[in-house]
Amino acid sequence: MTARAQQPQGPVWERVSAALRGQASGEQPVCAYVYDLGTLVRQVETVRAALPERCELYYAIKANGHPAVLSTLAASVEGFEVASLGEIDKAVAAGASRLVFSGPAKTDTQITGALRAGVDLLNVESLHELRRVALIGARLSVRVPVALRVNRQASGLPGTLRMAGSATQFGVDETLLAAALELARALPALALRGFHLHAASNNLDADAHASFVTDSVMWCLRQADRHRINLDVIDVGGGIGVAYTGGAGFDLRRFADGLGATIGQLPSGVRLIFELGRFLVAAAGWYAAEVIDLKCTHGRYFAVLRGGTHHFRLPAAWGYSHPFAVLPIEGWRYPFARPQVQAVCVDVAGELCTPRDVLAQQVWVERLRIGDIVVFPLAGAYGWEISHHDFLSHPHPAQLVINSQ
Ligand SMILES: *Cc1c(COP(=O)(O)O)cnc(C)c1O
C-alpha cells in the first residue's frame, strides 16, 4: 500500500503549525525542531496513570536533553538516568531530584564526578568496574550504592536494538554473576542494592514487555535469596517503543494489566525502577524543514529540504521511511513561477552531499511546492540527540518550544 502524506488536525497541530508559520516569514528557509511541553506532560501522566503505584518512573535523558524538556520532566518523574558528566550537569541544571548513572565505559573522572554529584545509584557493568568504583568510593570516603548490570542468558525482550540476552558490550555476563556478587560483598566501599537489567529499545509488544518485567523481578528475587542480598532495587530499564511507521502502538493498558500479579509479589521496600526514554518524549517533538527544490531524476521525484539526516538521523539509521505532513506556506520569495508537484510519490531528501541523506521514500503527496514545509512527527526522541550536526557545517535548526497545556 502506498504511504500518503499525513493530514494532522487538532489543537496541538494548530500550535505546531503556527510556530512554524511564524518562522516562515523570516529571511532564512525554515528548519526547526518544535517541542510541545503540553504533549510531554500528558504522556507522562498517561504512563503514570497506567503503571502500578509501586513503579518508579525515571527518564533516560539521552533521548532528548533540551533544557525545557528536562525541566518539565524533572517536575514529574522520580529521577533521571544519566550516562556522562555532561548529562549529570544537564540533569542537575534541570532540577532532577534523583540520578541513576549507567554506561559501559565509565572513566575514573566520571565515577568521581558522579559520586561528587551525589548520584543515588551507580549501575556497574563489569568486575573491573566494581573494583574501580570501590577504590574511588574509599578515596572519597563514601559507601557507593551500586546495582549490578547483568546480561542474562535469555532476556526475552524483542525490540529494534537489543542490549541483553545476546552478545553485547553491556553488563556482566550471567555466568559471572556469583563471582561478581562475591567481589561486591568483599569490597566494603560498595553497598550492593540490586540489579539493573535494561535489555532492549523500541519494543512494541506489551505482552512481551510484561513478561520481561515479571521474569526480571522473579529472577532478582531468586538471586537475592540465593546470594543473600539485601535487595532494594530492581531496575528494568527502558525500551518501550514507538510505532513510527504506523500500525498498533505499545498497549500501555495491556502492559500494566500483565504486570499486576508481579507487583503483588514484590516485597515491600523493594523499588521497581523504569527508565523510559523514547516512549516519554517521541511524540512531543516535530522536525520541520522547508522544500528548497523539487526534481525528477530517472523517473523518481525528489523533494530536497533545508535540513536532513544531520538533524534527524533516526530514519536513515534504522532504514525506514519516516511519515510526514506537508504544511502549505503561501508566501513566495521569487519573481518567477513557483515549481510544484501534484499527485505523485516523492522521496524526501536533505541538503547533504550524500545519497544516504533521505528521510522518507515513495510517499504520495496531493501537492508539494517549493517553499512548503515538510513536518515529521514523533521526532522528540533520538532525533537531534543522535544526529551528526556538523557534517557539512550547515546552520543548526531552530529549537522552538511551545506549550499546549
Ligand atoms: C537508553 C537507555 C534507556 C532508555 O531506553 P529507551 O529505549 O529510550 O526507553 C534506559 N536505560 C539505559 C541504561 C539506557 O541505556
Side-chain angles (χ1 to χ4, degrees), residues 40 43-44 46-47 50-51 55-66 69-70 73 77-84 86-88 90-91 96 98-106 110 114 119-126 129 146-152 155 157-165 168-172 194-206 208-209 212-213 216 233-244 249-250 252 255 271-285 313-314 317-318 378-386:
L40 185 60
Q43 178 67 354
V44 175
T46 304
V47 172
L51 283 184
C55 304
E56 292 185 19
L57 184 58
Y58 277 59
Y59 169 57
I61 92 169
K62 72 175 183 290
N64 185 326
H66 189 283
V69 168
L70 294 186
L73 285 168
V77 297
E78 260 81 56
F80 285 175
E81 186 268 343
V82 291
S84 69
E87 286 192 348
I88 289 181
K90 288 181 182 178
R98 311 188 70 158
L99 300 179
V100 171
F101 191 70
S102 317
K106 302 180 192 77
Q110 284 178 327
V119 301
D120 300 279
L121 191 66
L122 223 105
N123 290 323
V124 176
E125 307 227 6
S126 76
E129 192 188 330
V146 298
L148 190 67
R149 183 167 185 179
V150 182
N151 182 342
R152 292 187 50 203
S155 92
L157 190 54
T160 309
L161 304 173
R162 299 189 63 184
M163 291 79 178
T168 69
Q169 66 270 49
F170 301 106
V172 174
F195 299 100
H196 178 244
L197 298 169
H198 177 63
S201 193
N202 205 39
N203 166 45
L204 290 171
D205 183 338
H209 216 89
F212 163 73
V213 173
S216 299
V233 173
I234 299 175
D235 184 337
V236 290
I240 297 184
V242 170
Y244 290 107
F250 187 89
L252 206 51
F255 171 59
R271 301 161 59 202
L272 180 58
I273 298 182
F274 287 84
E275 306 166 339
L276 300 187
R278 187 185 314 277
F279 196 66
L280 293 185
V281 290
R313 194 171 78 94
L314 193 66
W318 283 9
L378 299 176
Y382 306 111
W384 175 245
E385 268 56 30
I386 65 158

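For the numbers below, each heavy atom of this structure counts, side chains included, while hydrogens, waters and symmetry mates do not. Just follow the structure's listing: the first ligand is 1, and inside any ligand the first atom is 1. Because the structure is a prediction, the values reported are computed rather than measured.
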Pull out every atom of ligand 1 sitting under 4.0 Å from any heavy atom of [X], numbered as shown with elements.
| X | answer |
| --- | --- |
| R278 | 6 (P), 8 (O), 9 (O) |
| G238 | 9 (O), 10 (C) |
| H196 | 13 (C) |
| A60 | 3 (C), 4 (C), 10 (C) |

Any nitrogen or oxygen of [X], main chain or side chain, under 3.5 Å from a nitrogen or oxygen of ligand 1?
| X | value |
| --- | --- |
| Y382 | yes |
| G277 | yes |
| S201 | yes |
| L276 | no |

Polar side chain donor-acceptor pair, E275 to H196, under 3.5 angstrom:
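There is such a pair between these side chains.
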Taking atom types as modelled, is there a side-chain donor on T168 or R162 under 3.5 Å from an acceptor on the other?
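Note: T168 and R162 side chains miss the donor-acceptor criterion.
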So, are E129 and K106 salt-bridged, with charged N and O less than 4.0 Å apart?
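Looking at E129 and K106, the cut-off is met.
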Nearest 0.5 Å, what's the NE2-CG distance between H66 and L40?
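That separation rounds to 11.5 Å.
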Can you report which non-hydrogen protein atom sits closest to [atom], along with the distance?
| atom | answer |
| --- | --- |
| atom 1 (C) of ligand 1 | K62 NZ, 1.2 Å |
| atom 11 (N) of ligand 1 | E275 OE1, 2.5 Å |
| atom 9 (O) of ligand 1 | G239 N, 2.8 Å |

Under the 3.5 angstrom rule, does the side chain of R313 hit a backbone N or O of I386 as a donor-acceptor pair?
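It does hold such a pair.
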Any idea which heavy atoms bring A83 and F101 closest together, and the distance?
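So the two residues come closest at C-CE1, 3.7 Å.
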Give me the atom names and distance for the closest heavy-atom approach of H198 to G239.
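Answer, listing the atom of H198 first, then G239: CE1-N, 4.2 Å.
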Measuring only between side-chain heavy atoms, which start at C-beta, is E385 closer than 4.5 Å to N64?
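Side chain of E385 against side chain of N64, heavy atoms only: contact under 4.5 Å found.
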Side chain, backbone, both or neither: which applies to A63 and ligand 1 if a contact is any heavy-atom pair less than 4.0 Å apart?
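Under 4.0 Å from ligand 1, A63 contributes no heavy atoms.
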